[in-house]
Amino acid sequence: MRPIVDIKVVGTDCSNGMKLLKNLSKVEREMNLKLNIEKIEKNLKDRYKIDVIPALIIDGNIVSKGAVLTDREIKDLIRNNIEINLRGI
């Protein structure tokens, strides 16, 4: 069974947010994961206490703000998140 990871991208209506989404799609294919990606427009960033966009939230944790992460960086963050979740079981 493929792990399912909940992801929120804040600022998907800006160019860097779109780049981040593109990198997430690549990661989903390469890691054979199911990413539940929620796209959040920049005008809602205050709701998530985000001051700079784009921002990446993995399973409720803000892991990046103001950067377009590479696919390698995203993979590392997701792997770490999966390992933490598995230890908590």
Side-chain angles (χ1 to χ4, degrees):
M1 184 164 98
R2 297 185 312 171
I4 298 174
V5 181
D6 289 318
I7 304 255
K8 292 180 182 173
V9 179
V10 182
T12 55
D13 53 339
C14 71
S15 61
N16 284 338
M18 288 184 236
K19 290 175 189 173
L20 186 55
L21 283 172
K22 184 178 176 184
N23 290 345
L24 280 165
S25 293
K26 183 177 178 184
V27 167
E28 185 173 34
R29 282 190 314 274
E30 291 178 357
M31 291 183 76
N32 193 30
L33 292 175
K34 173 61 183 142
L35 301 181
N36 289 331
I37 301 173
E38 183 178 346
K39 301 172 186 175
I40 300 165
E41 295 182 358
K42 63 185 174 189
N43 63 336
L44 299 175
K45 67 181 183 175
D46 292 338
R47 184 179 295 175
Y48 296 91
K49 297 183 172 98
I50 304 286
D51 49 350
V52 234
I53 54 170
L56 181 65
I57 302 170
I58 299 177
D59 286 337
N61 300 308
I62 300 170
V63 296
S64 172
K65 294 190 279 187
V68 178
L69 299 176
T70 64
D71 55 319
R72 177 178 279 170
E73 292 170 319
I74 295 169
K75 286 177 187 178
D76 288 342
L77 289 168
I78 290 174
R79 279 188 197 107
N80 289 340
N81 185 70
I82 290 172
E83 287 175 16
I84 290 169
N85 287 342
L86 288 176
R87 277 184 265 161
I89 294 176

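The structure presented is a predicted model; accordingly, all values stated were derived computationally and were not measured.
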message = Restricting to non-hydrogen atoms, name the atom on N16 and the atom on P54 that form the minimum distance, rounded to 0.1 Å.
response = CB-CD, 3.7 Å
task = Hydrophobic side-chain clustering at under 4.5 Å (ILVMFWY, transitive links): who's grouped with V68? Put none if nobody.
result = none
key: Flag side-chain contact, heavy atom, 4.5 Å: L33 against I82   = yes
inquiry  = Let me confirm one number: the CG-CG distance from L24 to L35, rounded to the nearest 0.5 Å.
reply    = 6.5 Å
remark   = dist I50:CD1 -> I62:CD1 (nearest 0.5 Å) comes out at 3.5 Å
Counterpart residues, salt bridge (Lys or Arg N to Asp or Glu O under 4.0 Å), relative to K75 (two or more places apart) = E30
remark   = Quick note, side chain to side chain donor-acceptor pair (under 3.5 Å) partners involving residues 35-58, not counting sequence neighbours, are D6-N36
Set of side chain to side chain donor-acceptor pair (under 3.5 Å) partners for N81, sequence neighbours left out = D59
ask   = Can V63 be reached from I37 by stepping across I, L, V, M, F, W or Y side chains whose heavy atoms are under 4.5 Å apart?
value = yes
task = Any side chain to side chain donor-acceptor pair (under 3.5 Å) involving residues 62-72? Give me the pairs, sequence neighbours left out, ordered by first then second residue.
result = K26-D71, T70-E73
ask   = Mind checking whether I40 and T12 have side chains closer than 4.5 Å, heavy atoms only?
value = no
request  = For D76, check side chain to side chain donor-acceptor pair (under 3.5 Å) against everything at least two apart and list the hits.
outcome  = R79
task = Drop me the distance from I7's CD1 to I74's CD1, to the nearest 0.5 angstrom.
result = 7.5 Å
note = Value for CG (N23) from CG (L20), rounded to nearest 0.5 Å, stands at 6.5 Å
key: Between CG on residue L44 and CG on residue D13, distance to nearest 0.5 Å   = 8.5 Å
query = Roughly how far, to the nearest 0.5 Å, is the NZ atom of K19 from the CG atom of L69?
reply = 13.0 Å
